[in-house]
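Everything below concerns the one structure shown next.
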Amino acid sequence: MAKPMHPTPRIDQLESGPWPSFITGLKRLANDDGKPYQEMVIDLLGQLETSYETRKGYWKGGTVGVIGYGGGVIPRFTELLDDNKKPKFPAAAEFHTLRIMPPAGMHYTTDLLRKMCDVWEKYGSGLIAFHGQSGDIMFQGAPSKNVQPAFDEFNEMGFDLGGAGPAVRTGMSCVGAARCEQSCANEQKIHRMLVNNFLDDMHRPALPYKFKFKVSGCPNDCMNAIERADMAVIGTWRDDMKVDQAEVKNYVASMGRKKIIDNVITRCPTNALSLNDDDTLTVDNRNCVRCMHCINVMTKALSPGDDKGVTVLMGGKRTLKIGDLMGTVVIPFKKLETDEDYESLVEVAQNAIDFFAENALEHERTGEMIERIGLVNFLEGIGLEVDPNMISEPRQSSYVRMDGWDEEAAKWFERKQQAA
Amino acid sequence: MAKPMHPTPRIDQLESGPWPSFITGLKRLANDDGKPYQEMVIDLLGQLETSYETRKGYWKGGTVGVIGYGGGVIPRFTELLDDNKKPKFPAAAEFHTLRIMPPAGMHYTTDLLRKMCDVWEKYGSGLIAFHGQSGDIMFQGAPSKNVQPAFDEFNEMGFDLGGAGPAVRTGMSCVGAARCEQSCANEQKIHRMLVNNFLDDMHRPALPYKFKFKVSGCPNDCMNAIERADMAVIGTWRDDMKVDQAEVKNYVASMGRKKIIDNVITRCPTNALSLNDDDTLTVDNRNCVRCMHCINVMTKALSPGDDKGVTVLMGGKRTLKIGDLMGTVVIPFKKLETDEDYESLVEVAQNAIDFFAENALEHERTGEMIERIGLVNFLEGIGLEVDPNMISEPRQSSYVRMDGWDEEAAKWFERKQQAA
Amino acid sequence: MSAAPRMPIESGVPEPFQYMHPTMQKNFGQWKYHDRPRPGVLHHVAKSGDQIWTVRAGTQRQMDVYTIRKLCDIADKFGDGFVRFTIRSNIEFLLSDEAKVAPLIEALGKEGFPVGGTGNSVTMIAHTQGWLHCDIPGTDASGVVKALMDELHEEFIREDMPNRVHITTSCCQINCGGQGDIAINIQHTKPPKINHNLVANVCERPTVVARCPVAAIRPAMVNGKPSLEVDEKKCVCCGACFPPCPPMQINDPEHSKLAVWVGGNHSNARSKPSFQKLVAAGIPNNPPRWPEAAAVIKKILATYKKDAKDWERMNDWIERIGWARFFELTELPFTKFHIDNWRGARRSLNASAHIRF
Amino acid sequence: MSAAPRMPIESGVPEPFQYMHPTMQKNFGQWKYHDRPRPGVLHHVAKSGDQIWTVRAGTQRQMDVYTIRKLCDIADKFGDGFVRFTIRSNIEFLLSDEAKVAPLIEALGKEGFPVGGTGNSVTMIAHTQGWLHCDIPGTDASGVVKALMDELHEEFIREDMPNRVHITTSCCQINCGGQGDIAINIQHTKPPKINHNLVANVCERPTVVARCPVAAIRPAMVNGKPSLEVDEKKCVCCGACFPPCPPMQINDPEHSKLAVWVGGNHSNARSKPSFQKLVAAGIPNNPPRWPEAAAVIKKILATYKKDAKDWERMNDWIERIGWARFFELTELPFTKFHIDNWRGARRSLNASAHIRF
Ligand code: SRM
Ligand code: SRM
Ligand code: SRM
Ligand code: SRM
Ligand code: SF4
Ligand code: SF4
Ligand code: SF4
Ligand code: SF4
Ligand code: SF4
Ligand code: SF4
Ligand code: SF4
Ligand code: SF4
């Protein structure tokens, strides 16, 4: 007969309402007589109720891991002690999380999901999060002794730990080519090549701070890559978008001219669209910035071109410590067809991470480093040439020393010639 | 018989070509036998030729002025000396400029212009610039002894010296109401009230640095006020713009739908325009930002509304020393009808100048001071309330201490209530 | 002697095709267009003519194994046994036969899984760990999201918004939740309370000093012990010093408030990606259901729904109507705190005569 | 004893109506619309039905009394005796009778005054003092403008541009000329050469130190004399130290170059007012006709004329076609110097996938 449930009047209120309740789920586990995790979850609910009462958190970190790796586990020990300094909820005193990387694009068979549940009910709390904000499956709540065996089983199933700490982190890629007509890239391949080439930097944290990859198949950026990745790879195209004029006319017929003008034509950021008097559409492809809007609205009539590739941005991240930073374009367009193409993309990542490792201050992200040393120095450091597509506008300030202009100008003309 | 002309092979080349030549003009004066300015201009040409040869300037400042004033004259003494340290071009060794304020809007009768010429051929070089970039008539080139008598004659004609040094400077206002259908304000009145209320601060330089007023009758800002004035006053309107639908149809008929869509509808910064299928125009006046574009294009069909007033911005200036600064909106809309309205505008200027005088560092402009202390402190200092129209967007950074939120929120609701 | 310990197989990110629906494998990179037969259902058509239906349902993200197995049962019985999860923790059931769509939806309904989150809906809120697991949270995450999604349920199962709405939450100012059309984040309002007895043992003092974005921390001796001191005039109460130095307690049951930010947009559609902007703060951190926060969110959403044009994301809408109008329509107060004073703040001032009346 | 000195009458800015054309006085604030019968002529119609024709002509700004009197003669003989000057030093003849327009234009032509500068023309260049009068110039002003206007004359008398073109020049980095669609400014490329013998006597050293935007100046003893030192690594060669301290000679016959900036726009039409952006530098300061600078300006104007849409100002056009295309079409080199590194530079980086191909 299990230990009694703690009274949880506050979190109980999270069981009502139409949305699925994680509390109901936890209680289901807490009532699972005889299961290894039962008492742990009972006590977890006890601690959580306490947090709801006091509005305080009660976890502290520590060091727990698996043999051979320096990261990937987030250790949690309770700080909620009774008067004799013993854990108030002993069964949940250790509640560690394993970050496991899912298949790129988060595809699952029910069979796979069931196997994962089986492992986690054996070693863990029975609580799993699909997925964390960085894209890991989070197996939440294992006692220290179970971390290694749980990992071993997942690892045998073909799964590996993700990132934590100052390391290359778990990456993400959108569903993309698997189910999306907008896809301009093989997202899963880019995702896997980038992350899997830096597993040592992931599993043995030794960088100044974290480094994240994210891959979106088109500028809709369903992975929030530009804002949330140190290196973002975004699919795009170089030739003209595809226009099916018959379908355009259908849209005009069904939506009406005014609505097409107000919803599509006037929304183009560069006025690259013009609705002709015969209800066909003229696209100024040289000035289209591949924002996707018109394609999104008229998905049957418009689609990306054939000459596909990717744009690479670097330096995105959230607030700490100089304020939010979006990534900056460092490669305007890169073809990804041959193996060499893909390898050279990995090389770009390698150069960026090497430069980051050598030049970033402790706890400084790539974007903060770029901010500190300037984009030009960063580009030189990773061996990329300046390009006007990297900026939204040239300098406004005359406060710069410009001797050396002629040499720099010469470089540009040389590059142009070689290109020609 | 006059002294010989100096050889001027370089500047002579500026006599050819279709554009009126200031060199030809100077030579005309230099050949003016017997005129008081003849030798001065001969030597001026000599020094100018030297500058063209060596690519160096040869003037230095000094202190020359008129009795009762501390500024308004720009003194120039030659630095170009011969081997015995004597001026190489002695007749032009003193070449001072009087900055005289023109009638607001720069209106002249030929009679007035002729009188000005007469004075300047008596005391000066005969060279006059209409106008300087701050809007003064620049009577250029007088020897020290002639500065006072020349000023006295202009002053008797009803003209006064403009600003120079750390002082309130000469202001500018557009032709506006005198000849422009876009005018939403009485530019000359605003201009004169502002400047003429601060003549003491203009004629006796004692501010930390210069302070400039500029007035444009509408957001086309023909006076570059937002960028080039410490206090910019821009005419605008609060009610709906006027639309003459018949004229709209004429435009559509003459220009064609596509052209109207591409030149007007799609150019509206807030998509506030919609061309109806019957060729009439719908204006979303609540979202029109009074940019003027559609009115500029269809001047016969569209015009500003009737409920006119002004927007006030502060802090514009050029590069020194933190980089160019545009003005910032400090009063989104101000009615200018009654005398009280105008006086309260002068009061705003007074508060700004007083605060500037007390709080700016030496050689710091209003915009730089705002940058240093923050807009909020500046607004408090001059007694204006914060308003969302003063910003293009709220803060992005969570790095701010926000206790005191409730008090500030209460203030806002109070103001709303009083307004209601 | 004991056996050598098992060394990990560094297999990295698994190859997805082994778990991918056959129709998606076959038509990989060959999709033509899609439409949405009803909220919660995507219908993608491939160039080959093949079709696939996606039924999207909401989950609590932090799921117990029973919930997961229940979803598997449904996928096996009514679907093809293939699912995927979205970046927002919605589950997607993949079907090659349209006939299966309706029964599957019915089954999900029976089991209490809301079907929706597609197109112009308010989709699942992106959230973080909170009191359940994190070591530095100012509030909970799963609980906040459950409470809000209960309120927004109707908007999840419908597609009545002008464009898709992406909401995020974060339980400290670090912001693991990212940003979105609306972000609900912890905002501390008081400097950290320092337990000077512990600093010396627990904290790498130079590291902590370096972590402060405004250089408000300096080493100091406090009653004989080496500790740290905070210049409370400078401190922006961000909490960055807390993770490396837990004795600098930033979380406060009363003074750690919630702030609401809007207009974060990551897509490149129309305008470039944009950051969130502050609209409301000082909101009580009020478990278990955070009613005050919910009220603000619902007011903003209702206003957006009513006033925005088709396809306008939150930021596009506000860009068009202006911030003055936003505060007017949402009846939220505008204060001096809304005027930025962080780096590059000048960019956020109105340097034009562009004003709406 | 001598008479008391005359004290100034502080009359300030004169009231303009006494010098204003009667038709303009009568219809002050009551204008209905305007059109342009031909380049250089504005035709304004008042609500009263009154009309006024404005004939605009170019001048050299720095005028000798003979030129001014000649203009007065023309105004008296062919006009109504009323004129005004524009902010760009063009003179405007005001006529209440259309019949007078043609003869007036003919007379101006005879005397060599170009008629134009209205509407979508390249109007007169705003300029400054230069070698003629200023104490700190790196080049001349009137001469540069004369040389350029000779080259641009055709564009002044026509209205063939997509929108009005406003050009400015400045003879030092202080920029009295302001900015415009195109700005041609001095750009120093070497730190000041200091005459250490003079510093002590001529310069307020603390003032000079304070004037430097990058804090590159420090007081120092140089061969026994108190003087100033410049950290040449830091110095951005702006010349701000020169006016308060002439011994810090910034002007250099060879190394003071010209730079060209574009896209400065002050009107609120369409986009908000915008600052100029660097496009070309290292251009020789080459009197008396500055051919290299003229070539760059003409290339930019020709490209703009060819590629821009109606009503696009220089900045609108570039905003639409993008900077990469601008450099491609104008064949100007793009260098690391174009990438901003001054305060708030991050704002100028491309933080999006918005790219034109
Ligand atoms: C678990 C997760 C939230 C979630 O529930 O989904 C999370 C949880 C934590 N994050 Fe995070 N972050 C998580 C995704 C993110 C993201 C989102 C993303 O990756 O797209 C961000 C913003 C993007 C970015 O990287 O900037 C993020 C930005 C941070 C930061 C601030 C980084 C910065 O430079 O601004 C910290 C602080 C730090 O690392 O020192 C942080 C730190 C943490 C720590 C380790 C708190 C700490 O320092 O002890 C949290 C551990 C909580 C726990 O007990 O598990 N977490 N963190 C996410 C990782 C799960 C996964 O692996 O999938
Ligand atoms: C004459 C004039 C240029 C012209 O030929 O038109 C001029 C000439 C000088 N300006 Fe200017 N500025 C002139 C309009 C401007 C403008 C344009 C405007 O007012 O719209 C500006 C930019 C707007 C602004 O105020 O920022 C301007 C920004 C400066 C500055 C930089 C101010 C700043 O804060 O950035 C200085 C330097 C200083 O004052 O220390 C300056 C300083 C000077 C000095 C006094 C140089 C000096 O420090 O010794 C020049 C005297 C030249 C001379 O020998 O006459 N001048 N100056 C203009 C005044 C004539 C008139 O009164 O109408
Ligand atoms: C499944 C998912 C990708 C994934 O691998 O997980 C996805 C899938 C699609 N997205 Fe997305 N987006 C997904 C997250 C995102 C995100 C990231 C996020 O939600 O945090 C973004 C960027 C968010 C932002 O901008 O802040 C995103 C911005 C878009 C946009 C741009 C919308 C806009 O106008 O700004 C489109 C285009 C559209 O709406 O037609 C889009 C369109 C689509 C389409 C229609 C693409 C297609 O043709 O299949 C997909 C179906 C969407 C639907 O729900 O109708 N998706 N999409 C993600 C579903 C999340 C969810 O469960 O709700
Ligand atoms: C006379 C003058 C005002 C004055 O009191 O001196 C003036 C007069 C007019 N301006 Fe202006 N503007 C004058 C300088 C300016 C300036 C300042 C400058 O040139 O440095 C600007 C702002 C410059 C900038 O934005 O950088 C200016 C921006 C405009 C605009 C906005 C153009 C745009 O689309 O951005 C208009 C609207 C238009 O073009 O229809 C305008 C329109 C006009 C109209 C059509 C207004 C009207 O209905 O009468 C006037 C006749 C213009 C013409 O030439 O066709 N005016 N106008 C100035 C003539 C200067 C010259 O000789 O060339
Ligand atoms: S990012 Fe583009 S390709 Fe990827 S899922 Fe979204 S819309 Fe499709
Ligand atoms: S994709 Fe965007 S930029 Fe390109 S044409 Fe369509 S709306 Fe315009
Ligand atoms: S600023 Fe406006 S009112 Fe004044 S002249 Fe220009 S267009 Fe007319
Ligand atoms: S004035 Fe400008 S903002 Fe207003 S409707 Fe016309 S174009 Fe749009
Ligand atoms: S947001 Fe803060 S509290 Fe929440 S999980 Fe991330 S680090 Fe922890
Ligand atoms: S809370 Fe933030 S600002 Fe305050 S001391 Fe800590 S790190 Fe510095
Ligand atoms: S720009 Fe410089 S050199 Fe030219 S007039 Fe102004 S201060 Fe003198
Ligand atoms: S030139 Fe400019 S940057 Fe260089 S020392 Fe002088 S003031 Fe400083």
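Quick caveat: nothing in here was measured; it's all calculated off a predicted structure. Here is how names work: the chains are called A, B, and so on, in the same order as the sequence lines, proteins then strands, and each is numbered from 1.
Aromatic rings of D/Trp290 and B/Tyr52 (six-membered ring for Trp) have centroids within the 6.0 Å cut-off, being under it.
Among all heavy-atom pairs drawn from D/Pro288 and B/Leu14, the shortest one is O-CD2, 3.3 Å. When all heavy atoms of D/Ile68 and B/Cys117 are compared, the pair lying nearest together is CG2-SG, 3.5 Å. B/Gly158 and D/Pro14 get closest at one heavy-atom pair: O-CG, 3.7 Å. For the residue pair B/Trp19 and D/Met124, the shortest heavy atom distance occurs at CZ2-SD, 3.6 Å. Nearest heavy atoms, B/Tyr37 versus D/Val65: OH-CG2, 4.5 Å. Across D/Leu132 and B/Leu26, no two heavy atoms sit closer than the pair CD1-CD1, 4.4 Å.
Proximity to chain D (any heavy atom under 4.5 Å) is shown, for B/Ser16, by both the backbone and the side chain. In this structure, chain D has a heavy atom under 4.5 Å from the side chain of B/Lys35, while its backbone stays farther away. Interface residue B/Phe151: only side-chain heavy atoms are found under 4.5 Å from chain D. Interface remark: B/Leu302 contributes no atoms to any contact with chain D (heavy atom separation under 4.5 Å). Using a 4.5 Å cut-off between heavy atoms, B/Ser216 does not touch chain D at all. For B/Leu112, the part lying under 4.5 angstrom from a heavy atom of chain D is the side chain only. Neither the backbone nor the side chain of B/Gln47 comes within less than 4.5 Å of any heavy atom of chain D. Contact annotation for B/Val297: both backbone and side-chain heavy atoms come within less than 4.5 Å of a heavy atom of chain D. Neither the backbone nor the side chain of B/Ile295 has a heavy atom closer than 4.5 Å to any heavy atom of chain D. Residue contact with chain D, scored on non-hydrogen atoms closer than 4.5 Å, involves the side chain of B/His363 exclusively. Contacts between B/Glu362 and chain D at a heavy-atom distance below 4.5 Å involve the side chain alone, from C-beta outward. B/Val66 does not touch chain D: none of its heavy atoms, backbone or side chain, sits under 4.5 Å away. Heavy-atom distances place both the backbone and the side chain of B/Arg267 under 4.5 Å from chain D. Contact of B/Phe77 with chain D is not made at all, since no heavy-atom distance falls under 4.5 Å.
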| said: Applying side chain to side chain donor-acceptor pair (under 3.5 Å) to B/Gln140 and D/Gln129, what does each step give before you reach the verdict? | reply: CA-CA 10 Å; B/Gln140 306 209 269; D/Gln129 288 289 305; 2.7 Å; yes
| field | CA sep, side-chain torsions, deciding dist, call: D/Lys309, B/Asp262, salt bridge (Lys or Arg N to Asp or Glu O under 4.0 Å) | value | CA-CA 9 Å; D/Lys309 293 182 180 175; B/Asp262 293 346; 5.9 Å; no
| message | Does D/Ser267 form a side chain to side chain donor-acceptor pair (under 3.5 Å) with B/Asp221? I'd like the steps, not just the answer. | response | CA-CA 5 Å; D/Ser267 92; B/Asp221 195 3; over 6 Å; no
| task | Test B/Arg114 against D/Asp73 for salt bridge (Lys or Arg N to Asp or Glu O under 4.0 Å), laying out the working first. | result | CA-CA 10 Å; B/Arg114 292 180 197 278; D/Asp73 295 340; 3.0 Å; yes
| query | So D/Arg6 and B/Glu156, salt bridge (Lys or Arg N to Asp or Glu O under 4.0 Å) or not? Walk me through it. | reply | CA-CA 11 Å; D/Arg6 173 185 181 280; B/Glu156 291 300 329; 2.8 Å; yes
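Proximity of a side-chain donor or acceptor of B/Arg318 to a complementary backbone N or O of D/Cys176 within less than 3.5 Å is not detected. A donor-acceptor contact shorter than 3.5 Å is absent between the side chain of B/Asn196 and the backbone of D/Gly12.
When each of B/Lys56, B/Met292, B/Lys60 is checked for heavy-atom pairs under 4.5 Å with chain D, B/Lys56 comes out on top. For the options B/Gln13, B/Lys259, B/Arg28, B/Arg228, heavy-atom pairs under 4.5 Å to chain D are most numerous at B/Arg28. In terms of non-hydrogen atom pairs under 4.5 Å with chain D, the most contact-rich of B/Cys180, B/Gly61, B/Ser183 is B/Cys180. No other option in B/Lys321, B/Glu227, B/Met101 has as many heavy-atom pairs under 4.5 Å with chain D as B/Glu227. In terms of non-hydrogen atom pairs under 4.5 Å with chain D, the most contact-rich of B/Ser303, B/Pro102, B/Cys222 is B/Pro102. When each of B/Thr50, B/Thr319, B/Ile74, B/Asn224 is checked for heavy-atom pairs under 4.5 Å with chain D, B/Asn224 comes out on top. With chain B as the partner, the residue from D/Met7, D/Arg289, D/Gln249 showing the most heavy-atom pairs under 4.5 Å is D/Arg289.
D/Met63 contributes atom CE, which lies 8.5 Å from atom CG of B/Leu113 (distance to the nearest 0.5 angstrom).
No more than 12 heavy atoms of other residues, nucleotides or ligands shown are found within 6.0 angstrom of NZ on D/Lys77. Remark: B/Lys189 NZ is packed, more than 12 non-hydrogen atoms of other residues, nucleotides or ligands lying under 6.0 Å away.
Between B/Ile226 and D/Asn268 there is a side-chain heavy-atom pair separated by less than 4.5 Å. The side-chain heavy atoms of D/Thr86 and B/His131, taken from C-beta on, include no pair separated by under 4.5 Å. Side-chain contact check for D/Ser89 versus B/Phe130: every heavy-atom pair is 4.5 Å or farther apart.
Side chains of D/Asn27 and B/Arg179: a donor-acceptor N/O pair is absent below 3.5 angstrom, by distance only. Side-chain N/O atoms of D/His133 and B/Thr97 include a donor and acceptor closer than 3.5 Å.
With B/Tyr108 as reference, D/Phe85 is the one residue of D/Tyr19, D/Phe93, D/Phe85 to meet the ring-ring contact (aromatic ring centres under 6.0 Å, His included) rule.
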